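Each remark here refers to the structure printed beneath this line.
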Amino acid sequence: MSFGAPGWLLAAALLVALGLWAFERARRVRDARDLAYSDLAFLRRTLGERDRFGALLRGAWIAGLALAALALARPHLLLPVPVHDGAVVLCIDTSGSMASTDIVPTRALAARAAATRFIEEMARGERVAIVAFSGAASVVQPLTARHAAAIAALDTLPAPNGPTAIGDALALAGTLLGQRGPRTVVLVTDGVNNTGIDPLAAASTLGERGIHVDTVGIGTNSGSLIPGTSEAAGIDDAALRAYARASGGRFVRVENSSELRGALGALGRVTSFERKSVDVSLAAAFVGALLLALAAFAAVGLGRIS
Amino acid sequence: MTLREALLRGRNRPRILGGGSPTTSRGDGYEFVQLRGYLIGDDVRRIDWAATARSGALQTRVMLEDIALIFAAICDRSPSMRLGRRRALADAADDAVAAWFGASGGEDRAIALLSQGPVPNRARPGRSGAALAREALRTQREEDFDPNALFDIATATLPRGAALLLVTDAAGAERSEDARLAEIALRYDATLALARDPWQSDLPLHGFARLVDVESGEPYLRWFGKRERDTYRRASVAREEEVVRRFARFGWRTGILEESDGTAALAEAFGIPRGALD
């Protein structure tokens, strides 16, 4: 937490002390009007020992005062706020190994369904682009804020075939993203980079530009053969984790289609928000005033003696 | 029947022996109670010859002794007796004490038992003694009520057979120890006038309300809804019943002291009409 006007903190402390004094004084005045009772111990035994309401009232009063006082110092909090000018590039692996069926129905189809979920979870106004890559990378959908169009473009993803050029896909994604605003690349792949430029270098370059690379590794530990070949459909967890780390992004490993949908859905929500320092003075003042009003009303206005 | 007569009838010592028993004044008694068959030891002067002739067997007249009674009273003057809906319980207690001492006769003695000791310190028969004792109880200083200490003073100063009235509320009555209650009931004709909780019928708190303990000054804040008021009413009634049961178990007479009419507690305790106490 930081303060826009820290000098007010002293005034806030004085206000809290003043409030406590006023509360105590009001309590004494009210005591004089309280119903005189003969045997409090009996009443406590009968109705319950703990004076929870009293503690709650005092707590609300003090918290209200503290919040109202804090509001004077213009507090700022790092909060996740919705991204409206953000941009995300979805890089989807379409190499031959994505035809593997260890994730039902195939890795490629599961990735396509999960990408749909990802786009659905994005904030309104946030832009998305889609890059497909195998031996080379290509733009399937340029950056657009029309999410329906992006979801439709997923149907045009090429069929799984060829090697895996992760570095090329990251570099192409970098060219699609501008120089400003929250920018993210989400890499969905099952394979080991085996062609094109160095993915780690590409991820580092993106990181230097303030672009996060979130990597999603698809595939089971047992793996399977790439259809039509005798080659195993492997996955390089360490490399994917390194790409993410190099750019300040996250790495997620999934082994079935539901995990994949969940992971991409979560990423969609995460990329829809960014952490920003937000001035919460108004909220603190409002909540403080509300608590004070409630406590004051409860203390003097709600009860009656008939 | 008057309160005094009820006390005479209720005396614990041998009281309906035809031969009578020691008295503080002269005479063999004046009030006829019943006839019964002659027992060895009966005073022959008590034989009712007419009844003997009618029945064919010796009949003895049973009389109430004409003796002086000792009226003693303990009255709770703790702050809780200040409470009441329309009238302080202390005022109702004054009514009861006034009726109590008012029932005393010319040769009876009246003694107020205070934490400092009995008043009058020396037995003083007659109406002036009753007035002194009543005034002493009415003007005693407000203080925490310790019935056990007052019972100790009673056993130290009152002769056996005295009539002792205790006026207090449930909180005060609950402080008394069983052993002392039993001892008092054994020595004296003991009566409890138990002040009813003014809020028993309906705790007058609604919503988020506060009350303060009149003895300790401690405040208490909580929500009072219908459920809380119902719970309180049941608990207060149960508490009162428990106190009455406990005192009755040790042989005390008991009556409930309402703030509106303190005298009625004595009428209830002695089973006499309320009008007999005016």
Side-chain angles (χ1 to χ4, degrees), chain A residues 16 19-67 287-306, chain B residues 76 78-85 88-90 144-145 168-175 195-225 227-240 242-243 259:
Chain A
V16 168
L20 285 172
W21 174 81
F23 182 80
E24 189 62 20
R25 184 178 164 78
R27 190 182 65 77
R28 284 183 189 164
V29 169
R30 180 164 173 81
D31 281 354
R33 292 192 286 121
D34 288 342
L35 177 75
Y37 186 75
S38 57
D39 192 353
L40 209 52
F42 169 70
L43 192 81
R44 283 213 168 98
R45 280 200 308 275
T46 304
L47 300 181
E49 283 288 331
R50 296 175 59 191
D51 183 6
R52 280 172 291 192
F53 282 89
L56 204 64
L57 182 63
R58 280 188 288 278
W61 186 263
I62 291 168
L65 272 175
L67 278 173
V287 174
L290 196 67
L291 284 172
L292 283 175
L294 274 174
F297 194 49
V300 298
L302 287 179
R304 69 188 165 85
I305 299 173
S306 61
Chain B
D76 180 355
S78 61
S80 64
M81 293 295 283
R82 259 192 273 136
L83 303 181
R85 276 181 178 272
L89 289 170
D144 288 343
F145 183 63
T168 184
D169 57 11
E174 282 175 344
R175 286 183 207 131
R196 173 161 282 162
D197 176 3
W199 320 122
Q200 186 182 89
S201 59
D202 188 17
L203 195 63
L205 298 171
H206 305 266
F208 205 61
R210 292 167 51 117
L211 39 78
V212 62
D213 191 306
V214 74
E215 309 238 2
S216 67
E218 186 185 352
Y220 184 60
L221 173 74
R222 68 166 296 142
W223 179 264
F224 290 90
R227 191 173 66 86
E228 284 75 16
R229 288 194 295 276
D230 287 346
T231 303
Y232 180 80
R233 185 175 58 247
R234 284 193 298 272
S236 180
V237 169
R239 184 190 202 193
E240 181 182 286
E242 172 55 27
V243 169
E259 69 177 45

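The model shown is predicted, which means the values in this text are computed figures rather than measured ones. A, B, ... follow the sequence lines: proteins, then strands. Residue 1 opens every chain.
- B/Leu89 pairs by the side chain to side chain contact (heavy atoms under 4.5 Å, CB included) definition with B/Met81, B/Ala195, B/Pro198, B/Glu259, not counting sequence neighbours.
- In terms of heavy atoms, A/Thr46 sits closest to B/Tyr232 at CG2-CA, 4.0 Å.
- With rounding to the nearest 0.5 Å, the separation of CG in B/Leu203 from CG in A/Leu47 is 7.5 Å.
- Here the shortest heavy-atom pairing between A/Ser38 and B/Val214 reads CA-CG1, 4.0 Å.
- Put simply, the side chain of B/Val212 does not reach to within 4.5 Å of the side chain of A/Leu40, judged on heavy atoms.
- Contacts of B/Ala171 classified as side chain to side chain contact (heavy atoms under 4.5 Å, CB included), with partners at least two apart in sequence or in another chain: A/Asp39, B/Asp169, B/Arg175, B/Arg239.
- Each of B/Arg82, B/Glu218, B/Glu215, B/Glu174 has some count of heavy-atom pairs under 4.5 Å with chain A, and the biggest count is that of B/Glu218.
- Summarising the geometry, atom OH belonging to A/Tyr37 is positioned 10.5 Å from atom OG belonging to B/Ser80; distances are rounded to the nearest 0.5 Å.
- To the nearest 0.5 Å, the span separating CG on A/Leu35 from CH2 on B/Trp199 amounts to 5.0 Å.
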